[in-house]
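Working notes for the structure below.
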Amino acid sequence: MASMNPEPEATGEDSKAREPKPEFESSNTFTKCGLEKKCEAPETKVPGKCRKILVWIREKLFLIKKVVEDKWVQLQHSCGPDSERTKIYQIWPGKNVFFFGGRLVCGPDPRGLLLTTSSIILSSWIFAVYIGDDLPNHSTLIITFSLILTLVVLGNMILVSTMDPGIIPRNEQACVEEVDTTKKCVKVNGVELKLKYCRICKIFRPPRSCHCAVCDNCVEKFDHHCPWIGQCVGLRNYRFYLMFMASALCFCIYLFAFSCRRMHQKLQESGIGLLGVLRNCPETLALASFLFASIGFLGGLLSFHIYLIAINQTAYENFRQRYSGTRINPFDKGLLGNIKEVLFPPLQSSRVDFRAEVV
């Protein structure tokens with residue numbers, strides 16, 4: 001019955017001997033944990049480095065933002081209309097528009113200036129892209145010279161449209177009722193001229209001056225208000241106005257000549273008529289038509305001003321017929337004297353310092 005007897009209970013040592021050895025499993029677990037620790041270690045270090053870099057970048061951005069805000073506040077205090085130091089251009093009663101702290105004086109309506117600028121740039125672009133590049137010989141030189149002419153025209157236009165034309169200071173303290181507006185005359189080369197009183201500016205205007213209704217200013221040696229540049233033409237910017245017209249005329253003639261040359265080449269190569277040219281190269285025909293009209297307009301205007309220079313008159317005086325009939329022009333100094341006076345005098349400083357502070 002020994003088989004029925006229960007087996008003797010195993011002692012502690014026998015149970016330990018019989019238990020499976022966990023070396024492989026424990027070593028496996030250690031290795032696995034080691035690998036996990038090795039893989040997790042970089043993930044805990046990299047965010048820390050990135051966090052430091054992001055914090056440093058954020059501090060620098062806040063510092064830059066603070067500096068920019070301080071500079072902007074300083075700029076507003078120095079240039080803003082509500083600043084403590086008010087400039088003359090900020091309270092000027094005329095209709096002019098000022099830029100760069102009163103350094104540039106423009107007319108009140110910029111539409112004519114924008115139209116003229118767009119016409120010049122568009123004409124130059126069409127010529128460079130469609131016409132100049134298609135010419136057989138010296139196309140690079142031709143396009144380069146056209147770009148130089150474009151820059152010269154734009155430079156003269158900006159100069160004449162942003163310059164003080166000769167604005168005369170106002171007399172805001174005078175009272176019209178207390179001023180005798182009928183008794184003031186001056187003599188110019190032995191001829192007595194009566195000075196007219198401007199009730200808007202409250203001054204006796206110098207000879208050859210006029211009050212421009214568009215800009216609402218009295219302008220010295222007023223010639224006219226040019227709508228194509230949106231500015232008055234007067235004593236200080238008249239010669240630059242002539243330079244602008246002369247350079248624009250040369251620009252148009254140059255582009256028109258090469259446009260006609262390209263159309264002539266197309267006619268010879270294909271043997272098509274004018275309708276064929278319109279169908280094959282409409283941009284050339286459109287540009288040539290615009291330039292032809294511009295040459296006629298600029299040529300006539302420049303010829304008229306050359307005549308005015310020769311007799312030493314302004315366009316306003318000629319329109320009003322100030323010296324017609326028996327009335328003598330006291331400013332006429334002969335042909336050479338008139339040319340020298342108009343084209344080669346020293347540039348006078350502006351009579352109004354628009355950047356000065358209001359006292």
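Fair warning: this is a prediction, and the values are worked out from it, not measured in the lab.
- Annotation for Ile328: atom CD1 does not count as buried by contact number, only 12 or fewer foreign heavy atoms lying within 6.0 Å.
- Side-chain contact annotation: Asn217 with Asn96, donor-acceptor N/O pair under 3.5 Å present.
- Aromatic ring orientation, Trp228 versus Phe297: perpendicular (interplanar angle above 60°, classes split at 30° and 60°).
- Side-chain contact between Ile142 and Phe127: present, with at least one pair of heavy atoms (C-beta onward) separated by less than 4.5 Å.
- Using a cut-off of 4.0 Å between Lys/Arg side-chain N and Asp/Glu carboxylate O, Lys221 and Glu317 are scored as not salt-bridged.
- Leu147 is not connected to Leu141 by any chain of hydrophobic side-chain contacts under 4.5 Å among Ile, Leu, Val, Met, Phe, Trp and Tyr, and they are in different clusters.
- In this structure, Arg239 contributes its side chain and Pro345 its backbone to a donor-acceptor pair below 3.5 Å.
- A chain of hydrophobic side-chain contacts below 4.5 Å, direct or via other Ile, Leu, Val, Met, Phe, Trp or Tyr residues, connects Phe204 to Val191.
- By the 30° and 60° cut-offs, the orientation of the rings of Phe256 relative to Phe292 is tilted.
- Within 6.0 Å of atom CZ in Arg351, more than 12 heavy atoms from other residues, nucleotides or ligands are found, so the atom counts as buried in its surroundings.
- Cluster membership for Met243 and Leu113, using ILVMFWY side-chain heavy atoms within less than 4.5 angstrom, is shared.
- Looking only at atom types and distance, the side chain of Gln231 has no donor-acceptor partner in the side chain of Asn237 under 3.5 Å away.
- Under the 4.5 Å side-chain heavy-atom criterion for ILVMFWY residues, a single connected hydrophobic cluster contains both Leu291 and Leu115.
- Ring-centre distance between Phe258 and Tyr254: below the 6.0 Å cut-off.
- Both Val153 and Phe145 sit in one connected hydrophobic cluster of ILVMFWY residues. Membership requires side-chain heavy atoms under 4.5 Å apart, directly or through other members.
- Taking CG of Leu242 as the reference point, atom CG of Leu302 lies at 7.0 Å (rounded to 0.5 Å).
- Annotation: Phe354 is not in aromatic contact with Tyr89 [ring centroid separation under 6.0 Å not met].
- For the pair Arg208 and Phe331, the cation-pi criterion (under 6.0 Å, within 45° of the ring axis) is fulfilled.
- Ring centroids of His224 and Tyr241 are separated by less than 6.0 Å, placing the two rings close together.
- Between Asn156 and Ser247, the side chains place a donor N or O and an acceptor N or O closer than 3.5 Å (distance only, hydrogens not considered).
- In summary, of the residues considered (Asn338, Asp332, Ile339), a side-chain contact (heavy atoms from CB on, under 4.5 Å) with Leu335 occurs for Ile339 alone.
- Rounding to the nearest 0.5 angstrom, the gap separating the OH atom in Tyr316 from the NE2 atom in His225 is 14.5 Å.
- Taking a cutoff of 4.0 Å between a charged side-chain nitrogen and a carboxylate oxygen, Arg103 and Asp164 do not qualify as a salt bridge.
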